S.K.: 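Below is the structure I would like to discuss, written out as C-alpha cells.
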Amino acid sequence: MFRPEKQEICAYWMSCSLARAGSDQPGHFTPVLQNQCMTKGLFLKRIIAIFIFLFLNLGITVCAQTRYVDKKKFFTDGQLIEITLVADLKKIINEKLKKDYQHSFQPASITCRFPDSTKVTEAVEIRPRGQYRREECYMPPIIINFKTSQAGTLKKLGHLKLVWPCVNSEYDEQLVLKEYLVYKIYNLLTERSFRVRLVKMECHDIKERIKPRTMYAFFIEDVDDLAKRNNCVEVQSVRLNTESTDRKQTTMVTLFEYMIGNTDWAIPIYRNIKLMRSKENSLSRPFVVPYDFDFSGLVNANYAIPPSELIITSVRQRFYLGFPRTLEELQAELRNFRSQKPAIDSLIMNLGQLSAFNKKDMIKYLDEFFKISEREKDIRDIFIYNARKE
C-alpha cells in the first residue's frame with residue numbers, strides 16, 4: 001500500500017484546509033486542487049474506516065474463539081440455535097449400512113449462530129448412528145464429535161447425538177418436533193433424564209451432489225454428562241432384570257412410557273434405556289433413563305408399529321409393560337404426573353414450530369392418560385391386576 005511521508009501528509013492536510021477556506025492566493029488553490037483535496041480526503045476516511053472495522057471485528061473474533069461453550073447452559077437455554085453443517089452427506093448415506101459405521105468418522109464444518117449473536121465456525125467429525133432410523137431413513141441420524149475442534153470453542157460439547165428428519169419433508173420435521181417435546185416432558189418429571197436442545201439446521205453437501213436442506217433438529221445430552229450432573233456413573237454390560245433396578249424410578253419410567261404409548265423399550269437388553277448408579281454407593285440399584293421415543297403413540301410416526309408379541313395393533317393403543325406396584329406407590333407417582341400437566345400443556349402449545357393440528361392431537365392423547373390416572377379402578381386394573389408377572 002502507498003504510504004506518504006510525514007511531511008507530505010502535513011502539506012496535504014494544510015493545502016486541503018486552505019482550499020476549504022477559499023484562499024485567494026493565485027495559482028495555489030484552484031477548483032481543481034480543491035476537488036483533488038476532497039477526493040483524497042474521502043479516500044483517507046475510507047482507509048481509516050476499514051482499519052476501525054478490522055480492529056473491531058478482530059476483537060469480536062478473538063472473544064468468540066477464546067471463550068468456551070458451557071455444556072450445562074447449552075442444554076438449559078431454550079432459545080433456538082441456527083446451525084450450518086457442511087460435509088460429504090452423500091458419503092454418510094452410502095456408508096450408513098457398513099458394519100464399521102461406528103468408526104466411520106469423516107471431517108465436516110459446523111457454524112453455530114447463538115442467540116447472543118455469537119457466530120462460531122469450527123471443524124468437527126460426524127458419522128451415522130442408531131439402529132432402525134440408520135437403516136430405514138434416507139438421511140440417517142448422526143453423532144457429531146466436537147472434540148476435534150482446533151479452536152476449542154465448541155470442544156467441551158464432546159460427542160453429541162443429533163436427531164433430524166428421515167427425509168426432507170414437513171411431515172418428518174413435525175415428527176422430530178414431537179419427539180423433542182417428549183424429552184422435554186420427561187425433563188419436567190425428573191432430573192434423571194436426557195436434556196435436549198432444538199436447532200434450526202442448514203445442511204450442505206460439500207460436493208453439491210445433494211440439494212441443500214433446512215430443517216429443525218435437536219441435540220441429545222451425552223450420557224456421561226447426564227450421569228455426572230446426577231452424581232452417578234453409567235452402568236454398562238451388566239445384565240439386570242427390571243425389578244433389580246431402583247424401584248421408585250422404574251415405577252415412574254413405566255408409567256411415563258405408558259403415558260406416551262411407548263412399548264419400544266426393555267431393561268434387560270438395554271433397549272432404548274440407559275442405566276446409571278450412584279457414585280457414592282456401588283451396591284445401590286441403578287436408575288433407569290429412557291430415550292428414543294419415535295415409536296411412541298404420542299409421536300405417532302407412520303413407520304412405528306408395536307412389537308408383534310403384544311396384543312395391540314397400533315402404537316396409539318397403550319400397553320403397560322411394568323410390574324405390579326401397590327396402589328400407594330402408583331398414586332404417589334401419578335400425583336407428580338398430574339401436578340405437571342399445566343406445564344406439559346404449556347410446553348406443547350408454546351412450541352411455535354409445531355403445527356396447530358399436532359398440538360391439539362398431542363394434548364388430546366395425553367388427556368386420555370390423565371383421565372385414567374384419576375380413576376382408582378383403572379389404576380388397579382391396568383397397573384396392578386393386568387401388570388406383567390414375569
Side-chain angles (χ1 to χ4, degrees), residues 60-85 108-124 126 141-149 151-165 173-203 214-232 274 289-293 340 342-354 359 362:
I60 292 171
T61 302
V62 169
C63 290
Q65 296 298 318
T66 54
R67 80 180 186 93
Y68 290 108
V69 171
D70 186 309
K71 281 192 295 186
K72 183 178 180 181
K73 187 177 179 182
F74 184 84
F75 282 104
T76 55
D77 189 341
Q79 293 178 282
L80 190 71
I81 299 176
E82 294 185 357
I83 288 179
T84 300
L85 179 71
S109 171
I110 193 166
T111 298
C112 298
R113 288 170 290 276
F114 293 95
D116 64 357
S117 299
T118 299
K119 181 179 177 181
V120 178
T121 300
E122 292 184 4
V124 295
I126 64 173
I142 63 172
I143 189 166
I144 301 181
N145 176 19
F146 292 95
K147 290 184 178 181
T148 61
S149 165
T153 304
L154 304 173
K155 203 167 191 173
K156 289 195 173 183
L157 292 178
H159 292 75
L160 293 183
K161 294 178 180 179
L162 182 74
V163 179
W164 57 15
E173 187 177 57
Q174 288 288 303
L175 294 181
V176 168
L177 292 170
K178 288 195 282 185
E179 187 177 6
Y180 163 77
L181 279 173
V182 177
Y183 280 93
K184 297 294 287 184
I185 290 169
Y186 193 55
N187 291 158
L188 294 173
L189 299 173
T190 175
E191 279 294 312
R192 299 187 184 105
S193 57
F194 283 101
R195 290 172 176 170
V196 288
R197 182 71 183 267
L198 188 66
V199 298
K200 188 174 184 179
M201 199 91 183
E202 185 179 326
C203 296
T214 301
M215 70 283 190
Y216 290 104
F218 64 88
F219 284 109
I220 304 176
E221 180 183 27
D222 184 76
V223 64
D224 290 336
D225 295 327
L226 161 66
K228 184 178 179 181
R229 65 180 171 82
N230 283 282
N231 196 31
C232 291
K274 294 289 185 181
V289 185
Y291 68 94
D292 205 354
F293 305 114
Q340 294 297 338
I344 292 171
D345 289 348
S346 179
L347 266 177
I348 296 170
M349 294 305 297
N350 290 330
L351 185 61
Q353 297 84 0
L354 190 67
K359 289 177 181 179
M362 291 184 78

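Every value quoted in this text rests on a predicted model; they were computed, and no experiment measured them.
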S.K.: Take the angle between the ring planes of Phe74 and Phe114 and call it parallel below 30°, perpendicular above 60°, tilted in between.
M.R.: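 Plane angle over 60°, so perpendicular.
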S.K.: Are the side chain of Asn350 and the backbone N or O of Ser346 linked by a donor-acceptor pair below 3.5 Å?
M.R.: yes
S.K.: Does some side-chain heavy atom of Val163 sit less than 4.5 Å from a side-chain heavy atom of Val196?
M.R.: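 Sidechains of Val163 and Val196: no contact.
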S.K.: Test your reading of the model: is there a side-chain donor-acceptor pair from Lys156 to the backbone of Val69, 3.5 Å cut-off?
M.R.: no
S.K.: Using the ring of Tyr291 (Phe, Tyr or Trp, six-membered ring only), decide whether Lys161 places NZ or CZ under 6.0 Å from its centre and within 45 degrees of its axis.
M.R.: yes
S.K.: When the aromatic ring centroids of Phe293 and Tyr186 are compared, is their separation below 6.0 Å?
M.R.: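 No, ring centres 6.0 Å or more apart.
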S.K.: Looking only at heavy atoms, what is the nearest atom pair of Lys71 and Asp225, with distance?
M.R.: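 Distance-wise, the nearest heavy atoms are NZ-OD1, 2.9 Å.
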S.K.: Write down the atom of Arg229, the atom of Ser193, and the distance for their closest heavy-atom approach.
M.R.: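 Arg229 and Ser193 have their closest heavy atoms at NH2-O, 2.5 Å.
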S.K.: At what distance, to the nearest 0.5 angstrom, does CD of Glu221 lie from CG of Asn187?
M.R.: 8.5 Å
S.K.: Are Phe218 and Leu177 close enough that some pair of their side-chain heavy atoms sits under 4.5 Å apart?
M.R.: no
S.K.: Rounded to the nearest 0.5 Å, what's the gap from CE on Met349 to CG on Leu354? Could you check?
M.R.: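 CG of Leu354 is found 9.0 Å from CE of Met349.
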S.K.: What is the distance from atom CD1 of Ile126 to atom CG of Leu160, rounded to the nearest 0.5 Å?
M.R.: 13.5 Å
S.K.: Can Tyr216 and Lys200 be said to form a side chain to side chain contact (heavy atoms under 4.5 Å, CB included), step by step?
M.R.: CA-CA 5 Å; Tyr216 290 104; Lys200 188 174 184 179; 4.0 Å; yes
S.K.: Tell me, with the steps shown, if Asp292 and Glu179 meet side chain to side chain contact (heavy atoms under 4.5 Å, CB included).
M.R.: CA-CA 8 Å; Asp292 205 354; Glu179 187 177 6; 3.7 Å; yes
S.K.: Measuring from atom CD1 of Ile110 to atom OG1 of Thr84, what distance do you get when rounded to the nearest 0.5 angstrom?
M.R.: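 Between atom CD1 of Ile110 and atom OG1 of Thr84 there are 8.5 Å.
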S.K.: What distance do Ile185 atom CD1 and Gln340 atom CD have between them, rounded to the nearest 0.5 Å?
M.R.: 11.0 Å
S.K.: If you look at every heavy atom in Gln353 and Leu198, which pair is closest and at what distance?
M.R.: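 Smallest interatomic distance, heavy atoms only, reads OE1-CD2, 4.1 Å.
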S.K.: How far apart are the C-alpha atoms of Arg197 and Asp77, what are their side-chain angles, what is the distance that settles it, and do they pass the side chain to side chain contact (heavy atoms under 4.5 Å, CB included) test?
M.R.: CA-CA 8 Å; Arg197 182 71 183 267; Asp77 189 341; 3.7 Å; yes
S.K.: Just wondering, do Ser109 and Thr121 contact through their side chains at under 4.5 Å, heavy atoms?
M.R.: yes
S.K.: Give me the atom names and distance for the closest heavy-atom approach of Lys72 to Arg195.
M.R.: CG-NH1, 4.2 Å
S.K.: Determine whether Leu188 and Leu347 satisfy the following criterion, side chain to side chain contact (heavy atoms under 4.5 Å, CB included), listing intermediate values before the conclusion.
M.R.: CA-CA 10 Å; Leu188 294 173; Leu347 266 177; 3.6 Å; yes
S.K.: Over all heavy atoms of both residues, which pair between Phe219 and Ile144 is shortest? Give the atoms and the distance, please.
M.R.: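 Shortest heavy-atom separation between Phe219 and Ile144 comes out as CE2-CD1, 3.8 Å.
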S.K.: Does atom NZ (Lys228) have a neighbourhood of more than 12 heavy atoms from anything else shown, all under 6.0 Å?
M.R.: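 Atom NZ in Lys228 is not packed in, count stays at 12 or less.
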S.K.: Could you give the distance from CG (Leu85) to CG (Leu162), rounded to the nearest 0.5 Å?
M.R.: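 So the CG of Leu85 and the CG of Leu162 are separated by 8.0 Å.
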S.K.: Where do Cys112 and Ile83 come nearest, in terms of heavy atoms and distance?
M.R.: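 Looking at all heavy atoms of both residues, the shortest contact is SG-CG1, 4.0 Å.
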